[in-house]
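Here's the structure, in structure tokens; my notes come after.
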Amino acid sequence: MRPRGSNPLAFGVLGVLALAFAAVVVIAGLAGEEEAEVPAGPGTAPVATGSAVPRQTGDTEITTPDFTPPEKLDLGSLGGVAVTPVAAKRNLAVDLRYMRRSDTAARLKRNPLYGTGLMRRTTCRAPRPSAQPRDMLSYLNAVTDCLERAWSAKFSQAGAVFLPARKVYWSRPGRGPCGTYPDKSASAYYCPFNRGMYIGLSHVIEQSGDVDPARNHVPYLTVLAHEYAHHVQNMAGIGGAWWWEVSSKSRTAQDSHSRRHELQAQCLAGAFVRTVREPLGVTAARWQEVLRTEFGRGDDQNGNPRRDHGSGDHYAAWLHQGWKYARIAYCNTWSVGPSDVS
């Protein structure tokens, strides 16, 4: 997520703590399913209602979007990168970060990650966090390890290169390639230049309304999953492709693509959180609280004139979309209409 008011090129993939609400959680869907829901019917995007409560009816379902991988991932000399020296001759992975300008639409709308199907359960052990920086650090490190395993498996399925994110979980102010921290408008952010996730161990709690991590750790799980989703987008070429498409266009066009980028990160975060719902105790009540605060962080709720992250309805609805279906193709915000990412 990008700190508001920052240079879009430097901060196109930076992250602000996701704290907003748009969906009433179906308790049975949150607690006991073996698999994510398998939808059937028209539409590919979450339903925004204007009331902070996405519709939950038997008549409104979602169908799997058509997935067609690019006919040829011809990335030149940078396209094939050996996964390991032993496998170099027989197992080459594509580094999706490298592309021609003519490839940007394919990276966004027909990315190989979309064809990897359901995100399976992730084995994850993490200590309970608290407001103490050392406890928050232990929690973030443990969950980041789980994120790395889950997403590296998806990239392996897609035949793509995956490198882990760099963890910058700070307790003192500092400076990185994307600017200084803390940022007054960002509790956490991702910097593509060094693949770094920047989260302040105390700052993130302050920016989250001082929600006690020992009472409900899911807001912090969600923000970490959101920032890691920006890393996923970066490694998939999505982070570079969207900016290439609009870097020379108007601020309106840039904000439009920024919304799709941020809402996709929300969806990817929701998909991951579902995979760890049992080992990390993501209860219906905790999830509903996250969605409620997510709604409040929407562009139409926070009083900021910029419209680069999405409405409260959509900011929470896309998070719940990822949770509900846990399929990467259902997070393709680049192929839906403007009204689905407003």
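Relative ring orientation between His261 and Trp334 is described as tilted, the plane-to-plane angle lying within the 30° to 60° band.
Partners of Ser250 under the side chain to side chain contact (heavy atoms under 4.5 Å, CB included) rule, at least two apart in sequence or in another chain, are Thr252, Ala253. Contacts of Ala269 classified as side chain to side chain contact (heavy atoms under 4.5 Å, CB included), with partners at least two apart in sequence or in another chain: Ala225, His226, Leu319. In terms of the side-chain hydrogen bond (donor to acceptor under 3.5 Å, both in side chains) criterion, Glu148 has no residue partners (sequence neighbours excluded). Looking at residues two or more places apart in sequence or on another chain, you find no side chain to side chain contact (heavy atoms under 4.5 Å, CB included) involving Ser156. Checked against side chain to side chain contact (heavy atoms under 4.5 Å, CB included), Ala271 has the following partners two or more places apart in sequence or in another chain: Met119. Thr333 pairs by the side-chain hydrogen bond (donor to acceptor under 3.5 Å, both in side chains) definition with nothing, not counting sequence neighbours. In this structure, the side-chain hydrogen bond (donor to acceptor under 3.5 Å, both in side chains) partners of Gln157, at least two apart in sequence or on a different chain, are Lys154. Qualifying ring pair (Phe, Tyr, Trp, His ring centres under 6.0 Å) partners for Phe155, counting only residues two or more places apart in sequence or in other chains: Phe162. Here Trp170 pairs with Tyr181, His203 under the ring pair (Phe, Tyr, Trp, His ring centres under 6.0 Å) rule; sequence neighbours left out. With sequence neighbours excluded, the residues forming a side-chain hydrogen bond (donor to acceptor under 3.5 Å, both in side chains) with Arg215 are Glu289, listed by chain and number.
Between the side chains of Trp243 and His257, not a single donor N or O lies within less than 3.5 Å of an accepting N or O. Side-chain atoms of Glu227 and His230 form no donor-acceptor pair, as typed in the model, at a separation below 3.5 Å.
Counting all heavy atoms, side chain and backbone alike, Arg260 lies closest to Val336 at NH1-O, 2.9 Å. Summarising the geometry of Ala150 relative to Thr122, their closest heavy-atom pair is CB-OG1, 3.7 Å, with the distance given to 0.1 Å. When all heavy atoms of Met99 and Gly237 are compared, the pair lying nearest together is CE-O, 3.3 Å. Contact detail for Cys178 and Tyr189: the closest heavy-atom pair is CB-CE1, 4.3 Å. Of all heavy-atom pairs spanning Ala160 and Leu96, the tightest one is CB-CD1, 3.7 Å. Nearest approach of Tyr198 to Gly176, heavy atoms of both residues: OH-CA, 3.8 Å.
Taking OG from Ser342 and NE2 from His314, the interatomic distance works out to 4.5 Å, rounded to the nearest 0.5 Å. Rounding to the nearest 0.5 angstrom, the gap separating the CG atom in Leu201 from the CE atom in Met136 is 7.5 Å. Atom NZ of Lys249 sits about 10.0 Å away from atom CD of Gln254, to the nearest 0.5 Å. A distance of 3.5 Å separates OG1 in Thr104 from CD in Glu245, rounded to the nearest 0.5 Å. Atoms SG and CG, on Cys267 and Asn332 in that order, are 9.5 Å from each other to the nearest 0.5 Å. Separating the NZ atom in Lys324 from the CH2 atom in Trp318 is a distance of 12.5 Å, to the nearest 0.5 Å.
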### Task
Test Cys331 against Tyr114 for side-chain contact (heavy atoms from CB on, under 4.5 Å), laying out the working first.
CA-CA 8 Å; Cys331 295; Tyr114 301 155; 5.8 Å; no

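Side-chain contact between Leu224 and Met197 is present, with at least one heavy-atom pair separated by less than 4.5 Å. Side-chain atoms of Leu113 and Val232, non-hydrogen and from C-beta on, do get closer than 4.5 Å to each other. You'll find the side chain of Arg195 reaches within 4.5 Å of the side chain of Met235, heavy atoms only. Within the 4.5 Å cutoff, the side chain of Val273 has no heavy atoms near those of the Arg277 side chain. The closest side-chain heavy-atom distance from Tyr325 to Leu118 is not below 4.5 Å. Under the 4.5 Å side-chain criterion, counting only non-hydrogen atoms from C-beta, Val282 is in contact with Leu221. Looking only at side-chain heavy atoms (C-beta outward), Gln233 and Tyr190 stay at 4.5 Å or farther from each other. Using a 4.5 Å heavy-atom cutoff, the side chains of Val168 and Ile199 are not in contact.
The backbone N or O of Leu108 sits nowhere less than 3.5 Å from a side-chain atom of Asn111 that would complete a donor-acceptor pair. Between the side chain of Tyr220 and the main chain of Val211, a donor-acceptor pair closer than 3.5 Å is present. Looking only at distances, no side-chain donor or acceptor of Asp95 sits under 3.5 Å from a matching main-chain atom of Val161. The main-chain N or O of Gly240 is never found under 3.5 Å from a side-chain atom of Arg97 such that the two would form a donor-acceptor pair. The backbone N or O of Arg286 lies less than 3.5 Å from a partner atom in the side chain of Thr283, making a donor-acceptor pair. Looking at Arg274, its side chain does come within 3.5 Å of a backbone N or O of Trp323 through a donor-acceptor pair.
Both the sub-6.0 Å distance and the 45° axial angle are satisfied by Arg101 relative to the ring of Trp244.
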Enumerate, atom names and distances included, each donor-acceptor pair closer than 3.5 Å involving a side-chain atom of residues 123-130, sequence neighbours excluded.
residue: Arg128; atom: NH1; partner: Ala214; partner atom: O; Å: 3.3
residue: Ser130; atom: OG; partner: Gln132; partner atom: N; Å: 3.1
residue: Ser130; atom: OG; partner: Asp135; partner atom: OD2; Å: 2.6

Identify each donor-acceptor pair in which a side-chain atom of residues 137-145 lies under 3.5 Å from a protein atom, sequence neighbours left out, and give them as a table.
residue: Ser138; atom: OG; partner: Arg134; partner atom: O; Å: 3.1
residue: Tyr139; atom: OH; partner: His217; partner atom: ND1; Å: 2.7
residue: Asn141; atom: OD1; partner: Lys167; partner atom: NZ; Å: 3.3
residue: Asn141; atom: ND2; partner: Leu137; partner atom: O; Å: 3.3
residue: Thr144; atom: OG1; partner: Leu140; partner atom: O; Å: 2.6
residue: Thr144; atom: OG1; partner: Tyr169; partner atom: OH; Å: 2.7

